[in-house]
Amino acid sequence: MKPKLYATLLLALLSLSPLHATASDTPPAVEAVALADRIYTFKNTMAISTAIVGDEGVLLVDSGDKPEVAANLQAAIAKLTTKPVRLLVNTHWHYDHVNGNAFFAEQGALVVGHSRMRERVATQEHPLPAAAQPTITFEKELTVHFAGEELELIHPDCQQGHTGGDLVVYYRHANIVHMGDLLFSSTYPYIDVSDGGWIDGMAAACREVLARIDGKTVVVPGHGPIVDKAGLEAFTAMLEGVSAAITPLVKAGKTLDEVKAAKPTAAFDAVWGKGWMKPDMFVELAYNGIVAHQKK
């Protein structure tokens with residue numbers, strides 16, 4: 001991705017975060033919201049976390065974008081239980097999901113993630129401390145039994161979706177799925193093209209999740225409101241529709257500017273184009289990802 005585009009996307013995302021504040025502001029307190037018995041999500045975080053609370057402790061999915069947010073997450077968890085976070089699962093390697101890892105690792109939490117995710121947090125420009133990197137990794141699927149729940153951690157078959165190392169967390173008994181940034185439920189998504197992510201991979205990952213859930217499943221995105229199967233179907237249809245509009249233009253040799261001029265997202269902008277990810281920004285991500293994958 002072009003550095004200018006990345007900087008623009010990052011600033012846009014930060015500006016809309018409830019934790020984006022001036023030096024004189026105090027970030028709002030993180031609040032736990034029940035999804036099911038013993039399973040929670042949290043308000044007032046940038047990326048969405050979930051947690052399951054058991055007699056043996058807490059399993060947390062994603063740790064926030066900074067240590068201060070992790071501390072606020074811990075304060076919210078402390079209102080639910082005196083037990084510590086014992087397992088921390090990361091859905092992928094982006095900073096807004098992993099920069100609280102060190103806070104929880106220092107308290108004894110074991111970090112779990114896809115092997116590609118560990119590779120990225122260990123080799124990025126500012127690596128996470130060793131203790132904050134996953135100590136438990138896997139390639140395709142890992143089942144965790146915790147607090148009477150069976151959690152299936154699955155790396156999508158497409159391999160490359162939002163990033164090259166995404167995982168989806170299924171709370172099987174509670175019928176909840178936490179998708180990380182494979183789902184942005186109210187805006188066009190950010191896609192990490194530099195890590196192999198692309199629009200068709202995201203759509204394929206979403207289709208894989210749809211095949212495993214039902215109409216009563218609670219679907220937790222990485223960003224945006226919690227939805228149901230119909231909400232995920234609408235997001236998936238948007239990805240497929242935008243790809244169907246851009247791919248023939250790429251195959252015809254059209255430049256990025258020519259593709260933008262064709263307005264390939266026009267049919268979807270009224271619903272998906274009003275957030276921080278503007279249509280032209282999303283077209284650039286989709287175009288670059290399709291071009292990269294057609295070269296393989």
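Remember, it's a predicted structure, so these values are computed and weren't measured experimentally. The figures that follow rest on heavy atoms only: side chains count, while hydrogens, waters and symmetry mates do not.
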Counting N and O atoms only, with roles assigned by atom type, does the side chain of [X] sit under 3.5 Å from a partner on the main chain of [Y], one being a donor and the other an acceptor?
| X | Y | result |
| --- | --- | --- |
| Thr255 | Glu258 | yes |
| Thr41 | Ser49 | yes |
| Ser63 | Gly100 | yes |
| Ser185 | Ile226 | no |
| Arg172 | Glu150 | no |
| Ser243 | Leu239 | no |
| Asn44 | Glu31 | no |
| Arg86 | Glu56 | yes |
| Asp62 | Thr91 | yes |

Just wondering, do [Y] and [X] contact through their side chains at under 4.5 Å, heavy atoms?
| X | Y | answer |
| --- | --- | --- |
| Val227 | Phe235 | no |
| Val177 | Arg212 | no |
| Val111 | Gln133 | no |
| Leu210 | Glu233 | yes |

So, are [X] and [Y] salt-bridged, with charged N and O less than 4.0 Å apart?
| X | Y | answer |
| --- | --- | --- |
| Glu240 | Arg207 | yes |
| Lys216 | Asp228 | no |
| Glu284 | Lys260 | yes |
| Lys263 | Asp269 | no |

Could you check Leu285 against Tyr188 for side chain to side chain contact (heavy atoms under 4.5 Å, CB included), going step by step and ending with a plain yes or no? CA-CA 10 Å; Leu285 291 173; Tyr188 288 130; over 6 Å; no

Audit row: Val61, Leu59, side chain to side chain contact (heavy atoms under 4.5 Å, CB included) steps and yes/no: CA-CA 7 Å; Val61 180; Leu59 183 151; 4.0 Å; yes

Write down the atom of Phe282, the atom of Met277, and the distance for their closest heavy-atom approach. N-SD, 3.7 Å

I'd like to know whether [atom1] of [X] has more than 12 heavy-atom contacts from other residues, nucleotides or ligands below 6.0 angstrom.
| X | atom1 | answer |
| --- | --- | --- |
| Lys229 | NZ | yes |
| His126 | NE2 | no |
| Asp214 | CG | yes |
| Lys140 | NZ | yes |

Using the salt bridge (Lys or Arg N to Asp or Glu O under 4.0 Å) rule, take Arg38 and Glu149 through it: C-alpha gap first, then chi angles, then the decisive distance, then the call. CA-CA 10 Å; Arg38 299 172 292 109; Glu149 180 61 76; 5.5 Å; no

Verify the cluster assignment for [X] and [Y]: are they in a single hydrophobic cluster under the rule of side-chain heavy atoms below 4.5 Å apart?
| X | Y | answer |
| --- | --- | --- |
| Trp272 | Leu182 | yes |
| Ile39 | Val219 | no |
| Leu153 | Leu60 | no |

From OH (Tyr190) to CG (Asp96), nearest 0.5 Å: 10.0 Å

Separation between CZ (Phe184) and CD1 (Ile48), nearest 0.5 Å, reads 10.0 Å

From the list His162, His92, His155, ring-ring contact (aromatic ring centres under 6.0 Å, His included) with His114 holds only for His155

Test side chain to side chain contact (heavy atoms under 4.5 Å, CB included) on His223 and Met46; report intermediate values, then the result. CA-CA 7 Å; His223 299 273; Met46 179 187 288; 4.1 Å; yes

Between the side chains of Thr217 and Asn175, does any donor sit under 3.5 Å from an acceptor? yes

Indicate whether any N or O donor in one side chain lies under 3.5 Å from an N or O acceptor in the other, for Asp192 and Thr163. no

Determine, stepwise, if the pair Val53 / Lys83 fulfils side chain to side chain contact (heavy atoms under 4.5 Å, CB included). CA-CA 8 Å; Val53 177; Lys83 301 293 185 178; over 6 Å; no

